[in-house]
Amino acid sequence: MTDPVFILLYIVLFPGFIFLFVYALFLSFLDRKIVARMQNRVGPPFYQPFADLVKMLAKEVIDPDGVDRGLFDAIPLVALAAVMTAFLYVPVTGYSPLAFPGDLVVVLYLMIIPTFALFLLGWLSRNIFSAIGGIRAATQMFIYEVPFFLALLAPAIMAGTWSISGIVVWQQHNTWLVFFQPIGFVVALICLQAKLERTPFDIPEAETEIVAGPLTELTGRRLAIIHLTTEISLVVGSALIAALFLGGPMIPWTLSPSWLNEVVGFCVFLVKTLAVLLVLSSIKVATGRIRIDQLNDIGWKYIASAALVQVGMVLVINYLWVTL
Amino acid sequence: MPEVVIPIGPQHPALKEPVNFRIIADGEKIVRLELELSYTHRGIEKAAEQRNFIRVLPLLERVCGICSHSHATVFAKGIEEIMQLEVPPRAQYIRTIIAELERMHSHLLWLGVAAHEIGFNTLFMWTWRDREAVQDTLEEMSGNRVHYNMNEIGGVRCDLNPAQVNAALSRVPVLEERIKKYVDMVNDEETLLLRFRGVGRMSKEEALKYGAVGPTARASGVDYDVRRDDPYLAYAEVPWDVVTDTEGDVYGRTRVRIGELRESVQIVRYCLENIPAGPIRVDAPKNAPKGEILSRYEAPRGELAHYIRTNGTDKVERVDIRTPTLANWTSVAMCLVNQNIADIPVIVAAIDPCLSCTSRLTVTNRENRPGVAVVRAARRGSSLPGSEDEEKL
Amino acid sequence: MAAEKASAAYGCEGLPGDTMTGPVTIDIIKERMKEFGLTEQVHANRVLVKTVPGKVHDAIGTLQTMLGCNRLITISTLDNGETFELLYHVIGPHRIIITLEIDLPRSQPTTPTVSDILPPAGIYERQIHDLFGIIFEGNPNLKKIILNEDWPEHEYPLRKDWKPGPDTFYGGIKVERSEGN
Amino acid sequence: MSVLSEMIKNLLSRPVTILYPREKVPIPVTFRGRVAITDEKCIGCSKCSLVCPAQVITMIDGPREVEFKEKSLKRKKRPQVKLYQCIRCGICERHCPTGAIHLEQVHGGTGTDREVVVT
């Protein structure tokens, strides 16, 4: 499993960058199509996200004066790289060969970098709208990160291991973790919606108030890369929740030829991420944007306390489990 | 954060209208604001003084794209009153139908835009989808979706044949059912309530003191409606009532506008069902006798007043237009103080500003001398129809 | 015709004008406003009061206090050759429009402002100042509101004698049209 | 709640919007589209050019024998309309005694030459 060619292929080709790139564009198209159909519209063709990406890559890059060009180019790339590497540890077929006992924490850490990127971009681009957008991105991060971590660490405590693949294997022996932790599942979904800055929580780039928030001054390939980062973190986020709560790409019974296991596992992975995406899209359609201070109240009053209650329940169940 | 000046300016995605607010904000709270209006002038009042009564109506319709019928009707009924003309009742009924259809499509448009301002795009798509039913009716009746040009001095340009009446009547129940759905959607949609309730609140005294008109004032309990106070067209005969509310905030204005939508559907149904037969216009004399009149009309955004003075010729001596949006600007400036920045688009959208109404007072000149043409500064942010570069006098 | 229907609709006594003196009628208004100038009923629901610029401020004051008028519909302006005519249309719950009419000499068109007691008048006065050149003393900021910033000073477009000068530049972008147009 | 039920109902029903270039919206009969003149009926009374709000109708000479109320008269002038400056208000159609000038149910169309005329 450890010969370099296979690892290289794993990283670059299949569940690595190429697949991630294609699947991110597909999920973005599906998201826009579902939202459109719910709003009684026809919706875009399947190649629309790819066309947007190519068009934006070809556009001219305008640097606002007095802005540090190098940094302005680097930040989107760093965000993209962080999110792409996070995907390597999420199991796509069976379990990921790169798994190691602490990769859940690494993935969670890598997923925060895009929000930092937004904050820095907002601060760097010397424009009043992006400054306010950047501050809002930072405030929103503090509100949803804590419950998000708690909600995603509860399965680790129950499964007893800190590696996502380990949790998936544990779930294969026992039932899916969502039955044990329904509140944790709901909190994780809401916080993922906030992390991806989708409608109820798209306060940083609220297009009717502060133009495009931190992304105001980004043009051409920088904007393309930031949009790609958001789409990829959508894939990584939904794959993570599918892995931790819905049992990941494993199937309870093992089939005779070993490669068939992998293929069926991959299909199960696809179905689960699409299910999570459907939930996220319907949240996006059904709600309007709330203000940053309202998010503050809701965030700390309800979501954080729900996550704490969930972790408490998990500890109790663990204690009972051990003693029985 | 120190005091920061934020330009919510003519090229701002929220306000697709050329108005510029310089907001002085402390953190997220607004401290003070400066209002800068009229980037798009077309000199309609000066131009109106050079046109006879047949040619002035299409010009006056272009004061505003959404309430074009209002401006033409208020002018036509003013001139008819000066000329002591007896307009046939069928024409009055047709004008009322078009007026109420225009109010419906204007309110549906507003509901969608208000939902879009808070990012709730689903309601925006749904309301504009149902607005198509109203637009199709208007297109069948008058031949155009926006500038209907139904009015003439002395009556209406074209008649309503039974086919058009039945087509319109067939759409009324669909609209009624849709509006019922919007009522309970606005009442129980969580984020909408969060963003609308308690935002930009205005008490009844403030509404009166700052001269708010139309749904903005009626949401604070001010009981003014020109259709009932000074009945014109066929409103005296049609059974309807004024919708008021006591909330005073954006939520109250939403409820008032949806209530008015329901009333308009009933008025249109009543007028379509018992439209009297008979002629649709009476021949008006070429010249109007010397006289003056303050003609008032309840436009979708509020009370619209035309002060018309005629001097015996076939041209009007002076038409002084005061549009509802101009009256509402003071109240919006007052409502905005110490709200937070995220609410600016919602509060400003709550008065349903129509900027092409507010600014129409300067002249452009093309003295048909080649070489020099004065181009209005309007081009700087003018995205509105009807603000073309120059205009023939 | 519409006017008769109008007066029948609320017949002056019908709607309770909620002032102290019970229902406000046209005769009460005429009698109360007699001191400001001659009053006449111009229309079924409109009373015209010809006054002098100096008295406008306290005329509106009495209208607001005694006759319960609480709303300014609009301020209309006319250019009658040698004088400017200003009409303040005020209305109250009694649904009767009271119009205060004043004439200003063309040479020196100034009048005291009413925006302190009627806040919406602030924007109307600024608009009239832009387009007619009438100066309202006491208006907090009589800056340009309707015309653009680089509109030449002392050019008031809505005056009857105003013609756009061929070579003056009215702001915006100067465009040299080709001969053909 | 009502928004959710409406969403699911929409998800299953056909979308309302159409793909414009392939499918077209039906134009009603009374639509005021491009202006057109039938030369046989025109008696050259130049009422349309007087009444036109945008003053885009000019009378050019076009002598012709024309039948009007069973009398045949010799017409000297006929109207010519600047197509892209016409605001399609329908007032000329309303005031024309013989119904010569009228608005068709066709969209006005686009073009680059500002001086295109319809005669």
Side-chain angles (χ1 to χ4, degrees), chain A residues 31-32 34-43 123 126-136 138-140 190 193-194 197-213 215-216 281-299 301-302, chain B residues 1-9 11-16 21-25 27-30 112-130 132 178 185-186 188-199 339-349:
Chain A
D31 172 37
R32 283 157 73 164
I34 292 171
V35 166
R37 273 301 155 83
M38 283 189 182
Q39 294 174 350
N40 233 334
R41 294 183 283 119
V42 173
W123 210 251
R126 299 179 66 245
N127 160 348
I128 182 72
F129 293 125
S130 26
I132 291 184
I135 295 159
R136 284 187 179 177
T139 358
Q140 184 174 321
I190 293 172
Q193 185 85 344
E197 278 148 24
R198 288 157 65 88
T199 296
F201 309 102
D202 65 348
I203 300 161
E205 17 111 5
E207 79 275 355
T208 56
E209 288 141 26
I210 39 171
V211 190
L215 312 179
T216 320
S281 298
S282 50
I283 295 176
K284 174 176 177 178
V285 169
T287 54
R289 181 185 317 120
I290 57 176
R291 275 203 315 260
I292 190 78
D293 49 329
Q294 288 162 346
L295 174 67
N296 218 343
D297 307 340
I298 296 170
K301 262 190 236 146
Y302 304 113
Chain B
M1 234 168 64
E3 284 208 350
V4 162
V5 178
I6 305 164
I8 308 280
Q11 287 88 10
H12 188 273
L15 290 175
K16 304 185 184 43
F21 288 90
R22 265 191 297 284
I23 308 277
I24 291 94
E28 287 265 345
K29 281 274 178 267
I30 300 167
V113 166
H116 172 63
E117 294 299 350
I118 60 161
F120 187 25
N121 289 333
T122 322
L123 189 59
F124 173 75
M125 297 297 173
W126 290 341
T127 41
W128 281 47
R129 167 199 61 191
D130 301 327
E132 283 311 306
R178 298 300 314 156
M185 208 180 285
V186 163
D188 68 10
E189 168 44 46
E190 210 23 64
T191 45
L192 204 95
L193 290 177
L194 265 177
R195 287 299 300 274
F196 274 6
R197 202 188 284 275
V199 167
Q339 300 288 335
N340 39 46
I341 303 175
D343 287 333
I344 298 174
V346 184
I347 297 173
V348 172

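Letters A, B, ... are given to chains in the order of the sequence lines, protein chains preceding strands, and every chain is numbered from 1.
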Item to check | Salt bridge A:R198-A:D31, side-chain N to carboxylate O under 4.0 Å | outcome: yes
Checklist entry - Going from CG on B:L123 to CG on B:L192, what distance comes out if it is rounded to the nearest 0.5 angstrom? => result 6.5 Å
Item to check | Toward chain B, the part of A:I292 with a non-hydrogen atom under 4.5 Å | outcome: side chain
Next on the checklist: Please give me the minimum heavy-atom distance between A:L295 and A:Q140, naming the atom from each residue.
Outcome noted: CD2-CG, 3.6 Å
Item to check | Contact origin within A:D202 toward chain B - heavy atom pairs under 4.5 Å | outcome: neither
Next on the checklist: One pair to check against side chain to side chain contact (heavy atoms under 4.5 Å, CB included): A:I203 and A:E197. What are the steps and the verdict?
Outcome noted: CA-CA 7 Å; A:I203 300 161; A:E197 278 148 24; over 6 Å; no
Checklist entry - With a 4.5 angstrom heavy-atom cut-off, which part of A:T287 approaches chain B: side chain, backbone, both or neither? => result both
